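Please read the structure below before turning to the comments.
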There are 2 protein chains.
Amino acid sequence: MNKASGPTNYDELRGAIAQRHRTLSGRLQQIAEFVLDHPTDVALGTVAEVAQRSGVPPSAIVRFAHALGFGGFTEMQQVFRSRLVAGVAPSYKARLARMKSEEKSVLGRQPAAVLSRFVSEAQSALAALSQSVHARELDAATAILAKARDIYLVGLGGSFPVATHLAYVLRKLGRRVVLLDGTGGSIHEQSHAATRDDALVAISFRNYYTDTARLFAELVGRGVPTISITDSLLSPIAEGASVVFEIQDMPEPALRTLVAPMCLVQALAIGLDLAVD
Amino acid sequence: MNKASGPTNYDELRGAIAQRHRTLSGRLQQIAEFVLDHPTDVALGTVAEVAQRSGVPPSAIVRFAHALGFGGFTEMQQVFRSRLVAGVAPSYKARLARMKSEEKSVLGRQPAAVLSRFVSEAQSALAALSQSVHARELDAATAILAKARDIYLVGLGGSFPVATHLAYVLRKLGRRVVLLDGTGGSIHEQSHAATRDDALVAISFRNYYTDTARLFAELVGRGVPTISITDSLLSPIAEGASVVFEIQDMPEPALRTLVAPMCLVQALAIGLDLAVD
DNA sequence: CATAAAATGAAACGAATATTCTGACCGCCA
DNA sequence: TGGCGGTCAGAATATTCGTTTCATTTTATG
């Protein structure tokens, strides 16, 4: 039965698995998902190990290899191993390719060059973030959120994704969140119930939405503790805030990747969750 | 006999071999030179294979392992294998750092430590992104978006911020965008008008929303060109898509920073804008 | 509902593996 | 020359491995 031979390299194998995934039966689908998620385990493990980690009997692993056209598990494993040996010395090749694409970034209207440009820009934005944010601000913000009954979030326009992400994570962690998105009325109506026992997280970058600024001023006036995430200490949501996170060098709205504020709000939410235990 | 344990990583092993090389006896020196020249063979081969290629009997290989402080060949082989997995997986370093910080969970609970952890995780996610996304896929996706009359976007739950960000940027660039958010009815009603002259960008990660999957299948069936951003080739929005961007190693929903997909959609939008001139 | 077909999992088989053991070999010094 | 410590290669062994088999369950089909 060794006549039939399956894919010969890892990419082909992935394609073959994805293609046949629907037609495979339950157990085999389960194995397909596992091997795509843990290719290294398959490359280095034994049948018994792979079987145990994926929660199936060993015979099912062999059946899976047969279904893909291999003569057995060992034959399929060779493909996974080829991925490992190919990846062991990628540094030179990858760097060469990267430098080439970065060179072309001057000419570079090609989408690949655009991507690598944004990636490197995001990298430096993250580096700047961890340097500019201090522990004192993080601690203060965490304390405010920990005491808050309801957490109000506002971020309009280009900052809306950041607000929705923070809302999502906080809700996952069991917090009561009011996301001010303005649907079905004004954000002022939505925030009417906010008191000094609650908290507001405001996110806004140039050009600042006047709605965000007005709402911020109103809640500050009512004594609501406020955390601002913005790009300047002179922004309309900086003065009066309990804590200000300043994220500098934000590009113009259409060119933002938002990675820095996304990372920050993530850390705020998780840090809050870890702190209250 | 497991008392003696040799070096635990490849660099230590190389140092140990170089150091003891003089004191080793003839056959063992011969083996030492071979394993330093062919580490991959040692990592993936059997004792018999390594013995044959290096021109020594199998028992000599085992004695060599013993001489280095290992309990046997298998134990030494683990070190050579660790070298392989370290080279292929860019997230290896990040996971290591994560485990370390989780070990130090006492310090790791401070918000500042949480932030730096997410930052470093985001860094490696970006590195993995630029390595896994190929120019071919970017070009194909750009071509689809360029031809589209209306661009439909769907991303629910944790992926919603990505969808809103893409919608924002595309609208800034003058594209006609329909963001399927389900407000005021089902997303199926909102997408009723989509035709093969339009395009759909679907974003979904584990656990996949069934609404996203259903909508995706429906529009694919209607012949609408589709770009999928997901975390597995086996995800419900992969099969039938015109282009699939696979972003691997996405953490569990509450711990995602979304930096990789955010960066990708940004590059897609800007790349589209530059390409149509 | 009855029957056939396919899929599944536990166990057993044979092959291949890493390791240990034994006797022979070599250089060294008295 | 004759013993001696260390090294060696090859056979012996116990273990582990991949694969197959088969009874049972599940699923599809009439």
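Predicted model only: the values in this text are computed from it and were never measured. Chain A is the first sequence line, chain B the second, and so forth, proteins listed ahead of strands; every chain is numbered from 1.
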Legend entry - Whole-Å gap separating C1' (C/dT20) and CZ (B/F64): 19 Å
Inset, instruction - Only one of A/Y10, A/F73, A/F70 passes ring pair (Phe, Tyr, Trp, His ring centres under 6.0 Å) with A/F80; say which it is. - result: A/Y10
Legend entry - Interatomic distance, B/Q77 CD vs D/dT16 P [rounded to whole Å]: 16 Å
Legend entry - CD (A/E49) with more than 12 external heavy atoms under 6.0 Å: yes
Legend entry - B/H66 side-chain N/O to C/dT19 phosphate OP1/OP2 under 4.0 Å: no
Legend entry - Between P of C/dA18 and CZ of B/F70, the distance in whole Å: 16 Å
Legend entry - Close approaches to DNA chain C from residues 42-63 of chain A, in residue order (heavy atom, under 4.0 Å): A/P57, A/S59, A/R63
Legend entry - Pairwise distance CG(B/L255) to CE(B/M250) - rounded to 0.5 angstrom: 11.0 Å
Inset, instruction - Nearest whole angstrom, please: distance from the P of C/dA7 to the CD of A/Q29. - result: 12 Å
Inset, instruction - Would you mind telling me which of D/dG18, C/dT8, C/dA18 lies closest to the side-chain atoms of A/T74? - result: D/dG18
Inset, instruction - Inspect the contact between B/R136 and B/D139 and indicate whether a charged nitrogen and a carboxylate oxygen are less than 4.0 angstrom apart. - result: no
Legend entry - Interatomic distance where CZ belongs to A/R27 and C1' belongs to C/dG9 [whole Å]: 9 Å
Inset, instruction - Nearest whole angstrom, please: distance from the C1' of D/dC17 to the CZ of A/F73. - result: 10 Å
Legend entry - Exam field: side chain A/H165 to backbone B/R256, donor-acceptor pair closer than 3.5 Å: yes
Legend entry - Inter- and intrachain pairs under salt bridge (charged side-chain N to carboxylate O under 4.0 Å, His left out), touching residues 221-230 of chain B, at least two apart: B/E218-B/R222
